[in-house]
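Presented below is the structure to which this report refers.
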Amino acid sequence: MVSATPRGFRDVLPEEGTWREQAVRRVQQCFSTWGYDPVETPTLEALDSLAAGGIATTPFRFFDDDGNQLALRPDVTLPIARMVATRMQHVPSPLRLRYTTPVFREEESLRGQAREFTQLGVESIGMAGPAADAEVVEMLVEGLYATGLQEFVVCIATVGVLLELVDAACDDGAWRQAALDAYHTSNWVALKQLAMAPQVPPAFGRALSALPFISGGPEAVEECREMVTPLGCQDGLDQLDATMGILGATGLLRFVRVDFSIMNSLDYYTGLVMQAYAPGAARPLGSGGRYDTTLASFGRPEPAAGFAFGLETVLGALISQGEVPEETYVQADCVVGGDEPSQVFKAAMQLRARGLRTQIIDDPDADLAACARARGVRGAWRADVSGMPQPVAMPLQREEPVVSAATRPRGGEVR
Amino acid sequence: MSREPMTSPRPLRIAVPKGALYPDSYAMLSAAGLDMTPLDDQGRHLIFSTDRGSMPAEYIIVRPTDAPVFVANGGADVAISGEDSIVEADCDVVELVDLGFGACRFVVAEAESSAGAADAAYRRRGALRVATKYPNVTRAYYDRIGVQADIIKLYGNIELAPLSGMADRIVDITATGTTLRENHLRVVDEVFSSTARFIANPSAARIDVRVRNLAAALEAAVSAASAAGKE
């Protein structure tokens, strides 16, 4: 019988596993240098606590024997909100937290999408203002860069302008919902049709139609400001401008664009929104923003911001950009054998202490050089009677620098 | 330090729908400055490329219903697609320009001879039987009006479903209503009307400046066409 994994779930084999692990380590290291501490939340959450944060429906729900309704986490932000409002309620803000964790999302059949993927992200809690916003934007840039990706754009905007425009343009609730839905689905044709509705003042209609097409560097904030200030809908633009100012000083504007088309998930975000894209990735790499009202629903009314990106999406973008690590995968750096397992183990301990990835050959008669060659491993050692590793002559095949794949540097500093 | 959107080194890939939307799509893309001549002699090819015109481009010819799927999954950067296909495919694309052509309506229809039979069946069964090529659109419509519908997905000749008694009603698209009339079907409600749209992959729409340029050129071509139409 052939068993496959369930649709949208998959195994990770050693070669990819090595690559993933290296990328994850570099990102974690990057987030750590910002003073963010690792946290973990359970794979399962009580459905009630997800509902409290606004996730009404989520797939993969089931009952345990106590009759409690549980769900596989579709997201990490809400579990962290729950965590900081409960077990960390007495830990004073600001909190800087990071995570690496699988999440589960339903995807319809026949769409070729994964249902489990690994999110790398951060949550910044108890901080507000342009500096707090700039911090998460810059961390998203540096986090993506740490994976080895060099071509990507983090689009940022602020939701206030749109919400105020929609509110001011028309007091019909159905129209407002339709306008936000059009925005949410990036349907600019529908948005334009709604903006031309007779009950909408033309100046507001024109601004609403034009808003998703405003993008660029810091000047895009000004372009937006000129358009919406006469209408009194400039909420959030000062802060966005100040955030761009800080990012400009750090030299990261190469990776950051203002783009007012990315405002979605509006029931959740309250200010900054961001969305990362890369050539070669059909879907966003990651997203985030400021959600100043979410923690209040868990009983800790504090501002917060954060983001997450998908490891698989980012590695997929690296592949389509031709940035796959060049080294072919090798199982280890060397093999070690010998007459007695006790001697071999002592020798292996010494080799590992030298930083060599060492595989033990449990066969006193083995041709250790041949074993090494068969595994694509560069070194072979034989344990002597005192358990000291002695090099085995390897017939020279080709000159290669002996650098462990695990220690080989990849990616690098952003600046 | 560049703040312009990055441009991928490969030519912009454009999905062009075959069938009824093809001639107008060809004309509109030409009017926007693209060199469409590689499509004139298609033979057995599937991908056509050009270095001429306003930008290098690659064209793929797709079934109209597949155009949004190619775009959402990155098989094409942009496409021309009917709003009907976009709604039915229900995937993540950016709708940039209403191209104006390819107008059609999603309608609910039943056999002329059995007026009232569908309502009677609904009272009796508590559910309407509805045949369609567009199950998502149909589902959304009946959810909206609060009617329980058992949807039967068909791939063609939808008109046969009510005529053969398999379904009470159909949800289908029609441009002029001729096919419906010829088959003695009567429109009982309109779901929505549709035109052809210029759509883009969400990533390409945001980071590839060529997408915005092409959208602007198409917008201008649409305006020119409608101005010419008014003269």
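Lettering of chains follows the sequences in order, A, B, ..., and the numbering in each one begins at 1.
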Take A:Ser186 and B:Arg206 through the side chain to side chain donor-acceptor pair (under 3.5 Å) test and state the conclusion after the steps.
CA-CA 11 Å; A:Ser186 302; B:Arg206 276 146 190 146; 3.2 Å; yes
Heavy-atom distances under 4.5 Å only: say whether [X] touches chain B with side chain, backbone, both or neither.
{"X": "A:Ser320", "answer": "neither"}
{"X": "A:Gln275", "answer": "neither"}
{"X": "A:Ala190", "answer": "neither"}
{"X": "A:Gln321", "answer": "neither"}
{"X": "A:Ile262", "answer": "both"}

Q.
Shorter than 4.5 Å, heavy atoms on both sides: which option in B:Pro202, B:Gly74, B:Ala205 has the most such pairs with chain A?
A.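 That would be B:Pro202.
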Against chain A, label [X] side chain, backbone, both or neither, depending on which of its atoms sit under 4.5 Å from a heavy atom there.
{"X": "B:Asp90", "answer": "both"}
{"X": "B:Val93", "answer": "backbone"}
{"X": "B:Asn201", "answer": "side chain"}
{"X": "B:Ala89", "answer": "backbone"}
{"X": "B:Val97", "answer": "backbone"}

Where does the angle between the aromatic ring planes of A:Phe309 and A:Phe307 fall among parallel (under 30°), tilted (30 to 60°) and perpendicular (over 60°)?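 Answer is parallel, since the angle falls under 30°.
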Evaluate A:Ser215 against B:Arg212 for side chain to side chain donor-acceptor pair (under 3.5 Å), listing each step before the verdict.
CA-CA 11 Å; A:Ser215 71; B:Arg212 284 171 188 252; 3.1 Å; yes
About how many Å separate OG1 of A:Thr158 and CG of A:Asp133, when rounded to the nearest 0.5 Å?
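Taking CG in A:Asp133 and OG1 in A:Thr158, the distance rounds to 8.0 Å.
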Self-check item: is_close_aromatic(B:Phe106, B:Tyr134), centroid dist under 6.0 Å
Solution: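 That pair passes the under 6.0 Å test.
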Answer yes or no: is there an ion pair linking A:Asp259 with A:Arg257, defined by an N-O contact shorter than 4.0 Å?
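Salt bridge flag = no for A:Arg257 with A:Asp259.
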Salt bridge between A:Arg283 and A:Glu312, side-chain N to carboxylate O under 4.0 Å?
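Looking at A:Arg283 and A:Glu312, the cut-off is not met.
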Exercise. Run the ring pair (Phe, Tyr, Trp, His ring centres under 6.0 Å) check on A:Tyr145 and A:Phe255 step by step: do they pass?
Worked result: CA-CA 10 Å; A:Tyr145 198 86; A:Phe255 296 103; 5.8 Å; yes
